2 protein chains.
Amino acid sequence: MTETDRARLYEELGVVSRRHLAAYVLFNQAVADHLGLHPTDVQCLSLMTAEPEPLTVKQIADMTGLTTGSATRLVDRLERGGYVTRTPDRQDRRRVLVTPVPERVARVGAVWDELGHGWQAILEDHTDAELRTIIQHMRRASALSHTQIERLRTMPRPD
Amino acid sequence: MTETDRARLYEELGVVSRRHLAAYVLFNQAVADHLGLHPTDVQCLSLMTAEPEPLTVKQIADMTGLTTGSATRLVDRLERGGYVTRTPDRQDRRRVLVTPVPERVARVGAVWDELGHGWQAILEDHTDAELRTIIQHMRRASALSHTQIERLRTMPRPD
DNA sequence: CATAGTTCGCTGCGTCGCGCAGCAATTTTT
DNA sequence: AAAAATTGCTGCGCGACGCAGCGAACTATG
């Protein structure tokens with residue numbers, strides 16, 4: 001019965017995904033507690049370091065799902081903590097570029113890196129092809145999420 | 001240079017993972033907005049439906065990372081919204097069992113299911129072996145997260 | 001059986017992140 | 001040049017959350 005096996009795999013992946021995401025949320029929370037800042041802040045730093053160039057406040061707002069007002073406050077906290085610096089954008093003087101402070105962000109990275117050791121062990125057990133499979137799946141899942149988010153926003157709310 | 005290719009894969013997976021998780025957070029937020037409740041509530045329902053048996057308030061607190069007090073309020077909100085019911089536990093009369101209300105939770109599930117259509121498309125492109133690879137990876141990543149969370153909690157805070 | 005210690009869930013209280021609305025400054029459009 | 005849109009910032013109020021403490025119930029020790 002490859003049919004039911006297949007269905008079982010789907011069901012399993014669903015459950016595992018939810019637990020996986022929950023585990024990440026908890027981990028993110030733990031990192032935030034450990035560093036004495038907020039989950040949103042850690043999330044923001046995590047996302048910023050995945051981008052090569054400095055971001056504007058508006059871009060940060062979009063990435064985190066916050067309003068521009070809240071994003072301003074978020075950057076305020078990060079700036080006060082010395083994690084980022086504000087720089088006016090010369091091209092568009094309305095904009096403010098937010099640049100991570102490498103040595104400060106490295107402290108956050110350090111926590112991730114210690115997790116990295118365990119990660120290495122996990123990754124090393126995978127072949128290149130398997131890694132590519134995982135990467136591709138996450139990419140597509142992310143893309144799907146964004147599509148669905150758009151759909152939800154343009155849909156009427158039940159009740 | 002398989003060496004650098006490998007390193008590139010690691011780097012890539014790291015970036016993709018962060019974006020993947022960010023996408024989930026945004027999606028969770030969008031679902032919450034759409035249903036008129038809070039991200040934490042949606043997260044909780046998502047986790048509850050992954051469990052076969054009713055949970056106690058304490059278990060919910062642990063799963064979500066909240067204090068028992070906040071978990072009580074969380075259950076209050078869910079109960080008021082008709083998503084769950086409280087039932088005293090006969091075995092241990094201190095405990096309160098929280099049971100999801102199927103038809104009400106189905107509304108949340110409906111949103112997930114519509115996402116599910118896109119998910120199907122993604123999943124169908126994978127072989128059984130690939131699915132197992134992904135499942136295994138997420139399992140191990142989750143386990144690692146929990147290990148690291150414990151480590152962080154028993155570690156002194158920097159500064 | 002009695003009693004101290006632990007666990008569970010609930011409740012005031014204060015904190016603070018967040019959305020909302022409005023604002024000035026700048027850019028873009030017509 | 002004027003109108004419209006965009007960007008980032010600031011009061012304001014809401015409400016989720018952690019914290020501390022409570023009573024009830026279970027468990028361990030004598």
Side-chain angles (χ1 to χ4, degrees), chain A residues 25-26 28-45 48 53-81 83-99 149 152-153 157, chain B residues 25-26 28-45 48 53-81 83-99 153 157:
Chain A
V25 172
L26 288 179
N28 198 59
Q29 176 78 49
V31 172
D33 290 344
H34 182 70
L35 294 172
L37 30 84
H38 302 273
T40 314
D41 304 15
V42 177
Q43 172 78 4
C44 178
L45 289 174
M48 284 187 65
E53 300 174 15
L55 299 168
T56 68
V57 175
K58 173 67 169 162
Q59 285 175 315
I60 290 176
D62 290 338
M63 290 177 79
T64 55
L66 299 170
T67 61
T68 59
S70 298
T72 294
R73 307 250 144 76
L74 167 58
V75 175
D76 285 347
R77 290 197 300 271
L78 291 177
E79 191 180 30
R80 191 167 349 113
Y83 292 98
V84 301
T85 55
R86 275 190 169 96
T87 317
D89 186 352
R90 261 177 271 274
Q91 271 71 38
D92 188 336
R93 300 220 306 279
R94 292 171 303 181
R95 288 195 249 231
V96 172
L97 296 177
V98 180
T99 314
I149 289 169
L152 283 176
R153 284 195 181 142
R157 169 179 306 186
Chain B
V25 171
L26 288 179
N28 198 60
Q29 176 80 49
V31 172
D33 291 344
H34 182 69
L35 294 172
L37 30 83
H38 303 273
T40 313
D41 304 16
V42 177
Q43 172 77 4
C44 178
L45 289 175
M48 284 186 66
E53 300 173 16
L55 299 168
T56 67
V57 175
K58 173 66 170 164
Q59 285 174 313
I60 290 176
D62 290 339
M63 290 176 80
T64 54
L66 299 170
T67 60
T68 59
S70 298
T72 294
R73 307 244 135 88
L74 167 58
V75 175
D76 285 347
R77 289 197 301 271
L78 291 177
E79 191 180 31
R80 193 169 346 115
Y83 293 98
V84 300
T85 56
R86 276 190 169 94
T87 317
D89 185 352
R90 261 177 270 275
Q91 271 70 39
D92 188 337
R93 300 217 306 278
R94 291 170 305 180
R95 289 195 251 233
V96 173
L97 296 178
V98 181
T99 314
R153 285 195 181 141
R157 168 179 304 187

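Note on naming: letters A, B, ... go to the chains in the order of the sequence lines (proteins, then strands), and numbering restarts at 1 for each one. As the structure is a computational prediction, the values presented were derived from the model and not from experiment.
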**Student:** I need the CG-C1' distance between A/Leu37 and D/dG18, as an integer number of Å.
**Tutor:** 17 Å
**Student:** Start with the C-alpha gap between B/Leu45 and B/Val84, add the side-chain angles, then the distance that decides, and say whether side-chain contact (heavy atoms from CB on, under 4.5 Å) holds.
**Tutor:** CA-CA 9 Å; B/Leu45 289 175; B/Val84 300; 4.3 Å; yes
**Student:** Hey, is the side chain of A/Arg86 poking within less than 4.0 Å of OP1 or OP2 on D/dC9, counting only N and O atoms?
**Tutor:** yes
**Student:** Looking at residues at least two apart in the chain, or sitting in another chain, which of them share a side-chain hydrogen bond (donor to acceptor under 3.5 Å, both in side chains) with B/Arg73?
**Tutor:** none
**Student:** Looking at DNA chain C, which of residues 53-64 of chain A put a heavy atom within less than 4.0 Å of it?
**Tutor:** none
**Student:** Not counting sequence neighbours, which residues clear side-chain hydrogen bond (donor to acceptor under 3.5 Å, both in side chains) with A/Asn28? List them please.
**Tutor:** none
**Student:** What's the angle between the local helix axes at either end of the helix from C/dC1-D/dG30 to C/dT30-D/dA1, using five pairs per end and rounding to 10 degrees?
**Tutor:** 30°
**Student:** Provide, to the nearest angstrom, the distance between the CG atom belonging to B/Asp76 and the C1' atom belonging to C/dG12.
**Tutor:** 14 Å
**Student:** Between B/Leu78 (CG) and D/dA16 (C1'), how many Å, whole number?
**Tutor:** 13 Å
**Student:** Could you pull out the protein-nucleic contacts involving nucleotides 18-26 of chain C (nitrogen or oxygen on both sides, under 3.5 Å)?
**Tutor:**
{"residue": "C/dC18", "atom": "OP1", "partner": "A/Thr40", "partner atom": "OG1", "Å": "2.7"}
{"residue": "C/dC18", "atom": "OP2", "partner": "A/Arg77", "partner atom": "NH2", "Å": "3.1"}
{"residue": "C/dG19", "atom": "OP2", "partner": "A/Thr67", "partner atom": "N", "Å": "3.2"}
{"residue": "C/dG19", "atom": "OP2", "partner": "A/Thr67", "partner atom": "OG1", "Å": "3.4"}
{"residue": "C/dG19", "atom": "OP2", "partner": "A/Ser70", "partner atom": "OG", "Å": "2.7"}
{"residue": "C/dG19", "atom": "N7", "partner": "A/Ser70", "partner atom": "OG", "Å": "3.4"}

**Student:** Got a sec, which residues hit side-chain hydrogen bond (donor to acceptor under 3.5 Å, both in side chains) with A/Arg93, two or more places apart in sequence or on another chain?
**Tutor:** none
**Student:** Is the shortest side-chain heavy-atom distance between B/Asp76 and B/Arg86 below 4.5 Å?
**Tutor:** yes
**Student:** To the nearest angstrom, how far is A/Leu97 atom CG from D/dG8 atom P?
**Tutor:** 9 Å
